[in-house]
Amino acid sequence: MKRYKNGLLYRHRYLLTGILCLFGVCLLGAQDKKTLSKTPVRKTERVVKDTAVQDTVVKKKTSAQTTGTSHASGGKRTNQRAGKTRVDLLYADEAQADKQMRPDVQVLIGSVRLRHDSMYMFCDSALIFEKINSVEAFGNVHMEQGDTLFIYGDYLYYDGMSQLAMLRENVRMINRNTVLTTDSLNYDRLYNLGYYFEGGTLTDEENVLTSVWGEYSPATKLAVFNHDVKLVNPKFVLTSDTLKYSTQTKIATILGPSDIVSEQNHIYSERGFYNTNSEQAELLDRSVLTNQGKKLTGDSLFYDRKLGYGEAFDNVQMNDTVNRNMLTGDYCFYNELTGNAVATKRAVAIDYSQGDSLFMHADTLRLVTFNLDTDSMYREMRAYHKVRAYRTDVQAVCDSMVYNSKDSCMTMYTDPIMWYGEQQLLGEEIKVYMNDSTIDWAHIINQALAVEQKDSIHYNQVAGKEMKAYFVGGEMRRVDVNGNVLVVFYPVEEKDSTLMMLNYSEGGFLRMLLKDRKMEQGAFIGKANGIAYPMDQIPAEKYKLPSFVWFDYIRPLNKDDIFEWRGKKAGDVLQKSDRKPVTSPRNMHIKRTKK
């Protein structure tokens, strides 16, 4: 037989006691009518006012109704409940009592109506315990308080002293548009609080909430749920271990590990607020928003489901597991409807698609998506101001940069510099074309300069109007220089790697081959002039080309150094060339072909 909590007696035992009591009273009445203190009320006497049974109840009122009993809440709670009015009988088809067997119990049968203060109770039959001012009700139990609170069930035990109602089986608690259903409900009138402990469901206009344990206050419109909590909304499902919910504001307060799942995304949070009406969330404690392979994490998150955007604050991380890249910073904005994102405040873009990750920092990083949800969709990653990038084999610095996924091209603007091993490449604009996340080739446009350091004094140098560097397997293998080409090159002795001489030359088009990230040989195509100087006879003006500059002090040293912006020294700027272009045979061939 099922035993209820909080000291409640077995329900079936109460039912059996009530039946036996009724049977005993009827039997005694048949044998000896003189033992009855009152004859049954006739069915024609429909309304019991201040006579008959009610007079008997008044006479049997005991001191227990005024002194009260101890309660688990302590003396203060007991004192508050002391002196409460008795439970009054308003109507019953039949009312019986046995003064000898149970002098403090009244048996009520048929259309029973009771009242305790402002609470009205209805049932098919009931037992009134006058001494303890309590009621046990059976069948079609109905409680009403004012015009807003209604409670239904199959069984009720009501303690008039503690003002605690315990309802069992098919229980419904209705407060305006809020309905709580369960099989075991305790309703505390003093605190206006109903709670269940063996599973229940709370329903309002927007949501359906279920849990193992829960409580609801009709006064504050607040509900608290524990263990296997589930909030079902037409647009999402929230599961949690602990949740607070307001039926008035429709705000769910997350108090433990929770998941909010919809067709568009998944939210994980352990603390925060979710407005189920406006569909806005304020989440704390490293909450996570996941959408189509993108995971946005921050110390705090704000999310608007209707507008489709999320904001993350402090220690932010937006990870794209599909394309294997990541945005970090102290602030990040992401719009799932447009596919756009912004990261600022120590913002870093990380590409980990290759074995060696690329780290890039700028004041602002922006992701822009074009033609979303179409076959021609592509994205641009834009970095604004003080861009610094680091990978073990490649480093770069510029003012701004754009990467376009449509042609896999990364363009660096305003004084761009790129380092590749011992190579320094710079110009007015640098374009780097990618192939499967590796460098395919790079294009340096206008005032192109390549410098390779041999030692602290000697540098291999190549300058031209434009330069194209081609990579194989991530390694630079060939460089083509076109237009006003100037070269300073130091051949190396193979045996001891000593510098042999300085070759100074100029021409219209130069092709260089590299091996192990070092210049191996170069050859002009077309007309070219050159001079070789022994190492001890090099003129001072030939050591460096007119546009030579060496920016080793700007170069990022590691992934943490990308945050340290270092400007150029006074005078260390890209020198503009006023030399007239030398036409190469290749360019002449192109012109003839076009004609």
Side-chain angles (χ1 to χ4, degrees), residues 4-9 11 14 54 57-58 60-92 104-106 108 112-123 126-138 140-169 171-176 178 180 182-197 200 213-224:
Y4 293 102
K5 298 181 179 179
N6 300 328
L8 182 64
L9 297 178
R11 175 187 178 277
Y14 277 125
Q54 191 167 354
V57 174
V58 174
K60 295 297 182 178
K61 181 177 179 181
T62 64
S63 60
Q65 292 174 292
T66 57
T67 58
T69 56
S70 61
H71 193 273
S73 298
K76 183 177 179 180
R77 182 182 177 96
T78 303
N79 292 335
Q80 286 177 329
R81 288 178 170 175
K84 290 294 179 180
T85 59
R86 67 183 181 183
V87 176
D88 292 328
L89 170 63
L90 300 182
Y91 178 85
D104 64 332
V105 178
Q106 290 198 60
L108 308 175
V112 180
R113 295 205 301 266
L114 305 167
R115 183 185 67 193
H116 188 230
D117 295 332
S118 60
M119 175 63 77
Y120 289 84
M121 294 168 279
F122 307 85
C123 61
L127 299 175
I128 294 182
F129 302 91
E130 298 178 10
K131 187 175 181 180
I132 59 176
N133 197 30
S134 300
V135 173
E136 191 172 7
F138 307 91
N140 297 311
V141 176
H142 176 198
M143 302 179 70
E144 290 185 7
Q145 185 163 289
D147 58 354
T148 60
L149 181 63
F150 304 89
I151 308 177
Y152 302 88
D154 292 343
Y155 171 82
L156 164 68
Y157 180 82
Y158 179 74
D159 187 337
M161 301 302 300
S162 64
Q163 300 186 57
L164 180 66
M166 292 172 278
L167 297 101
R168 300 297 180 262
E169 304 299 336
V171 182
R172 287 182 303 143
M173 182 178 185
I174 301 175
N175 179 226
R176 297 190 185 276
T178 301
L180 191 158
T182 180
D183 278 338
S184 300
L185 177 72
N186 289 356
Y187 173 63
D188 191 322
R189 288 190 57 220
L190 183 63
Y191 295 109
N192 196 13
L193 183 68
Y195 56 93
Y196 58 87
F197 35 83
W213 182 95
E215 65 178 35
Y216 174 71
S217 171
T220 63
K221 304 296 187 293
L222 290 177
V224 179

All heavy atoms of Y152 vs all of I174, minimum pair found to be CE1-CD1, 3.8 Å
Closest non-hydrogen atoms of A137 and C123, given as atom of the first, atom of the second and distance, are CB-SG, 3.7 Å
Kindly compute the distance separating [atom1] ([X]) from [atom2] ([Y]), expressed to the nearest 0.5 Å.
X    : Y    : atom1 : atom2 : answer
L127 : Q106 : CG    : CD    : 10.5 Å
I151 : R172 : CD1   : CZ    : 11.5 Å
M173 : L149 : CE    : CG    : 4.5 Å
L164 : L193 : CG    : CG    : 10.0 Å
Q145 : M119 : CD    : CE    : 4.0 Å
T85  : R115 : OG1   : CZ    : 8.0 Å

Residues forming a ring pair (Phe, Tyr, Trp, His ring centres under 6.0 Å) with Y158, sequence neighbours excluded: H116
Go through the structure and list residues passing ring pair (Phe, Tyr, Trp, His ring centres under 6.0 Å) with F122, not counting sequence neighbours. H142
Evaluation steps, side chain to side chain contact (heavy atoms under 4.5 Å, CB included), between E130 and I128: CA-CA 6 Å; E130 298 178 10; I128 294 182; 4.2 Å; yes
Do Y187 and N192 pair up side chain to side chain, a donor and an acceptor below 3.5 Å, judged on atom types alone? yes
Can you confirm if the aromatic rings of F138 and Y155 lie within a centre distance of less than 6.0 Å? yes
For the pair Y196 and V171, evaluate side chain to side chain contact (heavy atoms under 4.5 Å, CB included) and give the outcome as yes or no after the intermediate values. CA-CA 10 Å; Y196 58 87; V171 182; over 6 Å; no
Just jot down the side chain to side chain contact (heavy atoms under 4.5 Å, CB included) partners of S134, sequence neighbours excluded, or say none. I132, Y157, D159
Does the D154 side chain pair with the main chain of R168, one donor and one acceptor, at a distance under 3.5 Å? no
Please walk me through it: do L114 and L108 pass side chain to side chain contact (heavy atoms under 4.5 Å, CB included)? CA-CA 10 Å; L114 305 167; L108 308 175; 3.8 Å; yes
